[in-house]
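Count residues from 1 along the sequence. Just so it is clear, the structure is predicted and the values come from calculations on it, not from any experiment.
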Amino acid sequence: MAMLLLSLALMDPSFAGRTPFVFGLLLVGPANDKGYSQAQYEGGKYVEAHLPEAKMLYLDKVNPADRPGLTIPQVVDDMAAKGARLILAGSDDMRDGILEAAAQHPELAFVHISGDDALMGKAPKNLGNLFAKIEYAKMLAGFAAGMTTKTGKIGYLGPLVNAETRRVANAAYLGARYAWEKVRGQKPDDLTFKVAWIGFWFNIPGVTADPNQVAGSFFDQGCDVVISGLDAPEALVVAGARRKAGADVYALPYVYRPACAMAPEACLGVPYFNWGPPFLAVAREVAAGAYKPSFLWLAPYFAAINDPDKSPVGFEPGPGLPAPARKALERFTAGLGSGEIDPYAGPLFYQDGSVFVPAGHSASEREQWFCPRLLWGMEGDSAAK
């Protein structure tokens, strides 16, 4: 029913009246980070542009390092006092605070972007979870890397370690492996896929590992493509500098569609979130009094994955992606959309040799969502040290 309401809201602007509608958005990083938080901020601006008389309240850098002592319930109290009817909490790290705030404000609607409390029956009645299947866009990034690498060595620059970050790293590996084996006809054992985690969603000097140094280390070890899982574009900046110095290396930034502009010649593409349509759908439901909190994990619109009004995730091919790889990527995307290609088909194993998906089966959404380890064939830690 929730999916039906979302679809109706997207198609029918009359779902929302013309009364003022105030909503709040909490961003984990800077609103101009050219990454995850900016993508969400622009999603909020999309709501303002498409929902009559909508007004966004936002606070960025909602994390303990940037705003020590600030609590999410305090932020929500302030937004509620300013008339907010909907609160969007933008990061997995906000879970405890947004659950507390939702319990304190039963009159408001809350959406935790990420998380699964609604799925697990642990959420207050006024809180839902919303996420998009960025895994498929990340799979396209991995495919682009697998088609492009000359050394057969790919680095993955990860943030902190949790089920979400393992899930998207695994998806990138599956895309790279498919390109390497199925399209290029190379031996599986000749593909190296190394994962390193910096400790948070973005660089915090003195707290996290320096992503510039980690990306540089990948290139020093012979990786010629680095896929980023961070909220900010350091991997691409490093790749661009290396290329200017004569190195034949590339990178794929994450979550912000225009990110390639920072180093076009080094950019193979960008897997990104397009938060505008799902934010708008939820806002219209709340404005109409029709929102029913639930767990939503939205699939790409494969028929036009980069349509800004339809697909919640996309993949923007970069200027550095060779033409043959671009054509192969188009075929791979179409195959994912039709179901002809299923990288989640078994047999698949975790790093420790335990079974993820048995032969003759495909991973269910629940099996994909709850991701305890990296996959067999990947190098790196499955848990924080």
Side-chain angles (χ1 to χ4, degrees), residues 22-45 47 55-82 84 86-102 104-105 108 110-115 127 129-131 134 157-165 168 196-215 228-238 253-259 262 272-273 275 279 384-385:
V22 181
F23 67 99
L25 176 61
L26 282 61
L27 305 172
V28 69
N32 62 348
D33 66 357
K34 294 183 171 60
Y36 185 77
S37 291
Q38 186 164 348
Q40 290 187 344
Y41 173 79
E42 292 183 1
K45 299 302 288 185
V47 174
K55 177 184 177 182
M56 175 173 65
L57 307 173
Y58 81 93
L59 183 68
D60 65 354
K61 302 179 184 180
V62 181
N63 67 76
D66 284 314
R67 298 185 186 273
L70 179 71
T71 70
I72 289 176
Q74 288 172 344
V75 179
V76 172
D77 286 345
D78 181 65
M79 290 180 170
K82 294 175 180 175
L86 166 65
I87 304 294
L88 301 162
S91 175
D92 179 72
D93 292 79
M94 298 177 185
R95 176 181 181 268
D96 293 344
I98 207 63
L99 288 174
E100 181 181 350
Q104 293 173 355
H105 288 276
L108 304 182
F110 289 80
V111 175
H112 185 199
I113 303 162
S114 188
L127 184 144
N129 296 112
L130 170 67
F131 213 56
I134 195 66
L157 183 61
L160 50 78
V161 193
N162 64 17
E164 175 193 331
T165 60
V168 295
W197 311 98
I198 71 163
F200 197 60
W201 301 106
F202 47 83
N203 184 31
I204 302 176
V207 176
T208 67
D210 185 336
N212 298 284
Q213 293 181 3
V214 178
S228 178
L230 305 185
D231 289 1
E234 287 92 346
L236 180 60
V237 174
V238 173
Y254 188 34
V255 300
Y256 183 58
R257 186 173 183 175
M262 301 189 70
Y272 65 90
F273 287 103
W275 290 114
F279 283 6
K385 292 183 177 180

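Counting heavy atoms from C-beta on, the side chains of Asp77 and His105 come closer than 4.5 Å. With a 4.5 Å cut-off on side-chain heavy atoms, Ile134 and Tyr254 count as touching. The shortest side-chain heavy-atom distance between Val111 and Phe23 does not fall under the 4.5 Å cut-off. By the 4.5 Å heavy-atom criterion applied to side chains, Ile204 and Asp66 are not counted as neighbours. Proximity of Tyr58 to Gln40: side-chain heavy atoms (C-beta onward) are nowhere separated by under 4.5 Å. Side-chain contact between Met94 and Val28 is present, with at least one heavy-atom pair separated by less than 4.5 Å. Between Val207 and Phe200 the shortest side-chain heavy-atom distance does not fall below 4.5 Å.
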Q: Give the intermediate values and the outcome of ring-ring contact (aromatic ring centres under 6.0 Å, His included) for residues Phe131 and Phe273.
A: CA-CA 9 Å; Phe131 213 56; Phe273 287 103; 5.3 Å; yes
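When atom types are taken as modelled, the side chain of Tyr36 and the backbone of Gly90 share a donor-acceptor pair closer than 3.5 angstrom. Judged purely by atom type and a 3.5 angstrom limit, Arg67 uses its side chain to pair as donor or acceptor with the backbone of Asp60. No donor-acceptor distance shorter than 3.5 angstrom exists from the side chain of Glu234 to the backbone of Pro211, with no hydrogens or angles considered.
Applying the side chain to side chain donor-acceptor pair (under 3.5 Å) test to pairs two or more places apart or on separate chains, those with a residue in residues 197-207 are Asp93-Trp201, Asn203-Thr208.
Pairing each heavy atom of Lys34 with each of Tyr256, the nearest pair is O-CB, 3.3 Å. When all heavy atoms of Pro73 and Ala101 are compared, the closest pair comes out as CA-CB, 4.1 Å. When all heavy atoms are compared, the tightest approach of Gly24 to Ala84 is N-CB, 4.2 Å. Scanning all heavy atoms of the two residues, the minimum distance from Ala209 to Val214 falls at CB-CG2, 4.2 Å.
Between atom CG of residue Leu127 and atom CD1 of residue Ile87 there is a gap of 11.0 Å, rounded to the nearest 0.5 Å.
Of the residues Leu157, Thr165, Val255, the one that meets the side-chain contact (heavy atoms from CB on, under 4.5 Å) test with Leu230 is Leu157. Each of Leu25, Leu86, Leu26 was compared with Met79 under the side-chain contact (heavy atoms from CB on, under 4.5 Å) criterion, and only Leu26 meets it.
The ring-ring contact (aromatic ring centres under 6.0 Å, His included) check on Phe279 picks up Trp275, with sequence neighbours excluded. For the side-chain hydrogen bond (donor to acceptor under 3.5 Å, both in side chains) test, residues two or more places apart in sequence or in another chain that qualify with Lys82 are Asp78.
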